[in-house]
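Keep in mind the model is a prediction, meaning the values are calculated, not measured. Below, each value reflects all heavy atoms present in this structure, side chains not excepted, and no hydrogens, waters or symmetry copies. Convention: sequence-line order gives letters A, B, ...; per-chain numbering from 1.
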Amino acid sequence: KAGVTQTPRYLIKTRGQQVTLSCSPISGHRSVSWYQQTPGQGLQFLFEYFSETQRNKGNFPGRFSGRQFSNSRSEMNVSTLELGDSALYLCASSPLGTGGTEAFFGQGTRLTVV
Amino acid sequence: DQQVKQNSPSLSVQEGRISILNCDYTNSMFDYFLWYKKYPAEGPTFLISISSIKDKNEDGRFTVFLNKSAKHLSLHIVPSQPGDSAVYFCAASATSNTDKLIFGTGTRLQVFP
């Protein structure tokens with residue numbers, strides 16, 4: 001069974017641009033969450049999607065958005081990029097969406113804003 | 001407000017000895033706790049979890065202990081091996097229909113020969 005796939009793995013963007021990151025969950029998993037990891041900050045929760053609906057959103061500005069498609073694949077978008085958006089963005093999928101089970105992570109997308 | 005705290009940024013342990021990683025939480029609604037291991041530039045890998053109805057869960061060399069009254073959990077690795085060297089994250093969830101995880105800031109474990 002294939003794991004969580006994130007594309008692209010690496011990305012360099014300029015301040016002010018926008019970026020879209022993609023996540024394909026494990027087959028059969030319906031819940032997808034996104035996290036941002038920056039040095040010294042651990043993993044910060046961005047948002048959670050289940051059955052194409054956003055269930056939870058973390059404390060990030062409106063420049064960060066996402067969506068989930070009917071096949072459970074998810075995208076996140078960051079508009080008007082700032083230098084501080086440079087981070088490792090991680091996607092995780094879970095099988096049931098009811099909580100109480102482990103989340104499986106992809107390898108992440110390393111975004112560098114210059 | 002950091003709801004999940006790992007107060008030790010790093011830990012160094014000799015191979016064969018026990019590694020003990022600690023985690024504290026503040027939100028009494030958390031009822032499911034997990035430990036993840038992470039290497040640089042990779043996604044976290046699930047290690048072990050525990051539900052709030054238990055106080056101990058064991059899987060091979062890894063054991064997680066939960067003290068609900070103290071809002072504290074710990075991960076024990078026995079015996080420690082050099083391949084265990086990585087960053088370990090504690091995570092917590094209030095599981096009512098959500099998979100949202102709140103992570104600590106991580107503890108870097110180094111196991112030396």
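- A pairwise comparison of heavy atoms in A/Trp34 and A/Cys23 identifies CZ2-CB, 3.4 Å as the closest pair.
- Ranked by non-hydrogen atom pairs under 4.5 Å with chain A, the options B/Asp99, B/Ile102, B/Leu34 are led by B/Asp99.
- Looking at A/Leu88, only its side chain comes within 4.5 Å of chain B, counting heavy atoms on both sides.
- For the pair A/Arg67 (side chain) and A/Glu75 (backbone), a donor-acceptor distance under 3.5 Å is absent.
- Comparing A/Glu102, A/Gln107, A/Gln37 by how many heavy-atom pairs each has under 4.5 Å with chain B, the most go to A/Glu102.
- Partners of B/Phe46 under the ring-ring contact (aromatic ring centres under 6.0 Å, His included) rule, at least two apart in sequence or in another chain, are B/Tyr36.
- Looking at A/Phe47, there are no atoms closer than 4.5 Å to chain B (heavy atoms on both sides), in backbone or side chain.
- Here the two rings, on A/His29 and A/Phe104, have centers that are under 6.0 Å apart.
- Taking the side-chain contact (heavy atoms from CB on, under 4.5 Å) definition, one finds that B/Ile20 meets it with B/Ile18, B/Asn22, B/Ser74, B/His76, sequence neighbours left out.
- Looking at B/Ser93, neither its backbone nor its side chain comes within 4.5 Å of chain A, counting heavy atoms on both sides.
- When the shell of 6.0 Å around CZ of B/Arg17 is examined, it contains 12 or fewer heavy atoms from other residues, nucleotides or ligands.
- Of the possible donor and acceptor atoms, none in the side chain of A/Glu82 sits under 3.5 Å from a partner among the backbone N and O of A/Gly84.
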Please table the atom pairs, donor to acceptor, closer than 3.5 Å between any side-chain atom in residues 103-113 of chain B and protein atoms at least two apart or in another chain.
from, atom 1, to, atom 2, distance (Å)
B/Thr107, OG1, B/Ser8, O, 2.6

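- In terms of heavy-atom proximity, A/Ser93 sits nearest to A/Pro25 at CB-CB, 3.4 Å.
- Ranking B/Pro9, B/Pro44, B/Ser49, B/Gly43 against chain A, the residue ahead of the rest is B/Pro44, based on heavy-atom pairs under 4.5 Å.
- Taking 4.5 Å as the heavy-atom cut-off, the residues of residues 54-65 of chain A that approach chain B are A/Arg55, A/Asn56, ordered by number.
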